[in-house]
Trainee: 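I'd like to ask some things about the structure below.
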Amino acid sequence: MSITEPDPPKTAFVIAGGGSFGAVQVGMLQALAAHGIAADFVVGSSVGALNGAFYASDPTVAGVARLAKIWRGLNRHDVFPVTWRTLASFLWRRDFLIPHDGIRQLIDDHIPFRNLEDARIPVHIVTTDIITGDSVVLSEGSTAEAIVASTAIPGAFTPVRYRDHFLADGAISSNTPVRVAVKHGAKRLIVLPTGHACANQAPPVGALANALHALTLLIARQLVNELENLGDGVEYFVVPPLCPLVGSPYDFSRTSDHIARALDTTNAWIESDALKAGHIPRELQPHDH
C-alpha cells in the first residue's frame with residue numbers, strides 16, 4: 001500500500017493597493033520570479049488587483065518583465081484622466097470625478113483572460129461594498145468589472161454595480177487581502193506592500209493626491225494589524241517596501257526608479273536569507289526615514 005504524501009502548503013501572493021506606488025510591486029515580482037519564488041494563487045486589492053491579475057496571466061520571469069514594460073509606459077492621464085470636461089461633468093453631476101475608461105483600456109489591452117476563472121493561476125480580487133463597508137471578494141466573472149471595482153476610489157470614481165452591491169476600492173474595507181488569502185487556504189503568505197511616503201515628506205498637493213496618500217497610510221496600518229493577529233499555522237513574509245519612498249501615489253513620473261530600486265532591494269533581501277516568518281519590516285511602521 002502506497003502512502004500518499006500530503007500536499008505542500010499553498011503559497012499566496014498578497015498584493016496591496018497604493019496607486020502609482022504599485023510600480024514598487026513590479027520590481028518585487030521581478031526579483032521573486034528571478035529567484036524561483038512563485039504563488040499558487042494571488043489576492044489583490046486596488047492597484048494590487050491590476051498587478052495580481054496580470055501576474056496570474058503569466059507568472060513567469062518573462063511575464064513580469066512585460067508588466068514592467070507596461071508600467072514604464074504609463075502616465076497619470078492613462079489611469080486618472082482628469083480634464084476640463086471631466087471637471088465640468090463632476091460639477092454638474094456631483095457624483096464622480098474620473099471615468100473608468102483608463103483602467104478599462106489597460107485591462108483590455110494587457111490582461112488576456114476576460115473572466116477571472118480563466119487565469120493561469122487563481123486570482124481573487126478584493127472590493128468594498130460601499131454601503132456596508134464589508135469586503136466582497138470576486139473570484140469569477142468579468143475581469144474588467146472586478147478590477148475596475150477594486151480600483152474605484154470613492155469620490156473620484158463612481159462605484160460599480162455588481163448584483164446587489166455597489167463596489168468600490170478594496171483598500172478601504174476592514175478585511176484586507178491577508179485574511180482573504182488565509183480564508184482561501186493559504187498557509188504561506190508573501191505580502192507585497194507598496195509602502196507610503198515617509199513622515200518627513202511634505203504633504204502631497206491636490207485633493208486626489210491627498211486621498212490616495214491617506215489610503216496608502218490606511219493600507220499599511222491595516223496590514224500591520226492583521227499580520228500581528230494571524231492565527232497559528234500561517235507563516236508570512238513581508239517584502240520590505242522602499243524607504244525613503246518619494247512622490248505620491250498620484251505621480252507616475254518616478255515609475256522606472258521605483259521598479260529599479262524595488263528590484264535591487266528585494267534581490268538583496270532574498271539573497272540575505274531574510275525570509276523569516278513573523279517579521280514586519282520597519283518600513284511599514286511609523287518612522288521618519
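These figures come from a predicted structure and were not determined experimentally.
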Trainee: If you round to the nearest 0.5 Å, how far is OG1 of Thr11 from CZ of Phe41?
Mentor: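 With rounding to 0.5 Å, CZ (Phe41) is 9.0 Å from OG1 (Thr11).
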Trainee: Could you tell me the separation between the OG1 atom of Thr266 and the CG atom of Leu32, rounded to the nearest 0.5 Å?
Mentor: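 The CG atom of Leu32 is 6.5 Å from OG1 of Thr266, to the nearest 0.5 Å.
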Trainee: With clusters defined by side-chain heavy atoms of hydrophobic residues (ILVMFWY) lying less than 4.5 Å apart, directly or transitively, does Leu263 cluster with Ile70?
Mentor: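 In one cluster: no.
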Trainee: Output, in order, the C-alpha distance, side-chain angles, deciding distance and verdict of side chain to side chain contact (heavy atoms under 4.5 Å, CB included) for Phe237 and Trp269.
Mentor: CA-CA 11 Å; Phe237 307 90; Trp269 177 70; 4.2 Å; yes
Trainee: For the residue pair Ile15 and Val43, establish whether any side-chain heavy-atom pair is separated by less than 4.5 Å.
Mentor: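 They are not in side-chain contact.
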Trainee: Grab the two heavy atoms, one from Gly44 and one from Ser150, that are nearest each other, plus how far apart they are.
Mentor: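 Between these two residues, the closest heavy atoms are O-OG, 4.3 Å.
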Trainee: Taking the side chain as everything from C-beta on, heavy atoms only, tell me whether Leu227 gets closer than 4.5 Å to Val178.
Mentor: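 Side chain of Leu227 against side chain of Val178, heavy atoms only: contact under 4.5 Å found.
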Trainee: Between Ser20 (side chain only) and Asp251 (backbone N and O only), is there a donor and an acceptor less than 3.5 Å apart?
Mentor: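 It does hold such a pair.
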Trainee: Between Thr143 (side chain) and Phe113 (backbone), is there a donor-acceptor pair under 3.5 Å?
Mentor: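 At least one qualifying donor-acceptor pair exists.
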Trainee: Do any N or O atoms from the side chain of Ser45 and from the backbone of Gly48 form a donor-acceptor pair under 3.5 angstrom?
Mentor: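 No; judged by distance alone, with no hydrogens or angles, the pair does not exist.
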Trainee: Calculate, to the nearest 0.5 Å, the distance between atoms OH and CG belonging to Tyr55 and Leu192 respectively.
Mentor: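 Tyr55 OH to Leu192 CG: 9.5 Å, rounded to 0.5 Å.
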Trainee: Could you tell me whether Asp164 atom CG has more than 12 heavy atoms of other residues or ligands within 6.0 Å of it?
Mentor: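 Atom CG in Asp164 is not packed in, count stays at 12 or less.
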Trainee: What's the shortest heavy-atom distance between Ala149 and Thr127, and which atoms?
Mentor: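 Nearest heavy atoms, Ala149 then Thr127: CB-CG2, 3.9 Å.
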Trainee: Are Asp134 and Thr128 packed together at the side-chain level, in the sense that at least one heavy-atom pair is separated by less than 4.5 angstrom?
Mentor: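 They are not in contact (no side-chain heavy atoms under 4.5 Å apart), so the answer is no.
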Trainee: Please tell me if the side chains of His258 and Leu242 come closer than 4.5 Å, counting only heavy atoms from C-beta onward.
Mentor: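 They are in side-chain contact.
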Trainee: Should Val239 and Val191 be marked as a side chain to side chain contact (heavy atoms under 4.5 Å, CB included) after you check the CA-CA gap, both sets of side-chain angles, and the distance that decides it?
Mentor: CA-CA 6 Å; Val239 184; Val191 182; over 6 Å; no
Trainee: Can you name the closest pair of heavy atoms from Ile147 and Ala53 and give their distance?
Mentor: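 Between these two residues, the closest heavy atoms are CD1-CB, 3.7 Å.
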Trainee: For Arg161, check side-chain contact (heavy atoms from CB on, under 4.5 Å) against everything at least two apart and list the hits.
Mentor: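 Testing Arg161 for side-chain contact (heavy atoms from CB on, under 4.5 Å), a comparison that skips the adjacent residues, returns Phe166.
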Trainee: Consider only side-chain N and O atoms of Asp169 and Ser46, and report whether a donor and an acceptor are under 3.5 Å apart.
Mentor: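 A pair is found: one side chain offers a donor N or O, the other an acceptor, under 3.5 Å apart.
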Trainee: Can you tell me how far apart NE2 (His110) and CD (Gln105) are? Round to the nearest 0.5 Å.
Mentor: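 So the gap between those two atoms works out to 8.5 Å.
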Trainee: Report, as yes or no, whether the 6.0 Å neighbourhood of atom CD on Glu117 holds more than 12 heavy atoms from other residues, nucleotides or ligands.
Mentor: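 Atom CD in Glu117 is crowded, with more than 12 foreign heavy atoms closer than 6.0 Å.
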Trainee: Step by step, would you call Gln30 with Ile259 a side chain to side chain contact (heavy atoms under 4.5 Å, CB included)?
Mentor: CA-CA 9 Å; Gln30 285 186 302; Ile259 293 174; 3.5 Å; yes
Trainee: Checking side chain to side chain contact (heavy atoms under 4.5 Å, CB included) for the pair Thr60/Arg120: CA distance, chi angles, key distance, verdict?
Mentor: CA-CA 11 Å; Thr60 66; Arg120 188 177 298 187; 4.1 Å; yes
Trainee: Do Val238 and Tyr236 have side-chain heavy atoms sitting under 4.5 Å apart?
Mentor: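 Side chain of Val238 against side chain of Tyr236, heavy atoms only: contact under 4.5 Å found.
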Trainee: Quick check for you: to the nearest 0.5 Å, what is the distance between Phe13 atom CZ and Gln25 atom CD?
Mentor: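 Interatomic distance, Phe13 CZ to Gln25 CD, rounded to 0.5 Å: 11.5 Å.
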Trainee: Give, for atom CD1 of Ile270 and atom CE of Met28, the distance between the pair rounded to the nearest 0.5 Å.
Mentor: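 With rounding to 0.5 Å, CD1 (Ile270) is 10.5 Å from CE (Met28).
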Trainee: Please find the pair of heavy atoms, one from Pro193 and one from Val24, that lie closest to each other, and give the distance.
Mentor: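 Pro193 and Val24 have their closest heavy atoms at O-CG1, 4.4 Å.
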Trainee: Identify the two heavy atoms, one from Ile125 and one from Ala146, that lie closest to each other, and give their separation to 0.1 Å.
Mentor: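 Result for this residue pair: CG2-O, 3.5 Å.
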Trainee: What heavy-atom pair brings Ala181 and Val14 nearest, and what distance separates the two atoms?
Mentor: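 Shortest heavy-atom separation between Ala181 and Val14 comes out as CB-CG2, 3.8 Å.
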Trainee: Going by the rule salt bridge (charged side-chain N to carboxylate O under 4.0 Å, His left out), which residues pair with Arg188 if we only count those two or more places apart in sequence or in a different chain?
Mentor: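 By the salt bridge (charged side-chain N to carboxylate O under 4.0 Å, His left out) rule, Arg188 matches Glu235.
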Trainee: Determine whether Val42 and Ile121 make a side-chain contact, defined as any pair of heavy atoms from C-beta on separated by less than 4.5 Å.
Mentor: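 Sidechains of Ile121 and Val42: in contact.
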Trainee: Are any non-hydrogen side-chain atoms of Ser142 and Arg114 less than 4.5 angstrom apart?
Mentor: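 No, side chains not in contact.
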Trainee: Holding to side-chain contact (heavy atoms from CB on, under 4.5 Å), I want the full list of residues that pass it with Asp129, two or more places apart in sequence or in another chain.
Mentor: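 For Asp129, the residues satisfying side-chain contact (heavy atoms from CB on, under 4.5 Å) (neighbours in sequence not counted) are Ile131, Thr132, Val136, His165.
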Trainee: Are Lys10 and His184 packed together at the side-chain level, in the sense that at least one heavy-atom pair is separated by less than 4.5 angstrom?
Mentor: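 A side-chain contact under 4.5 Å is absent here.
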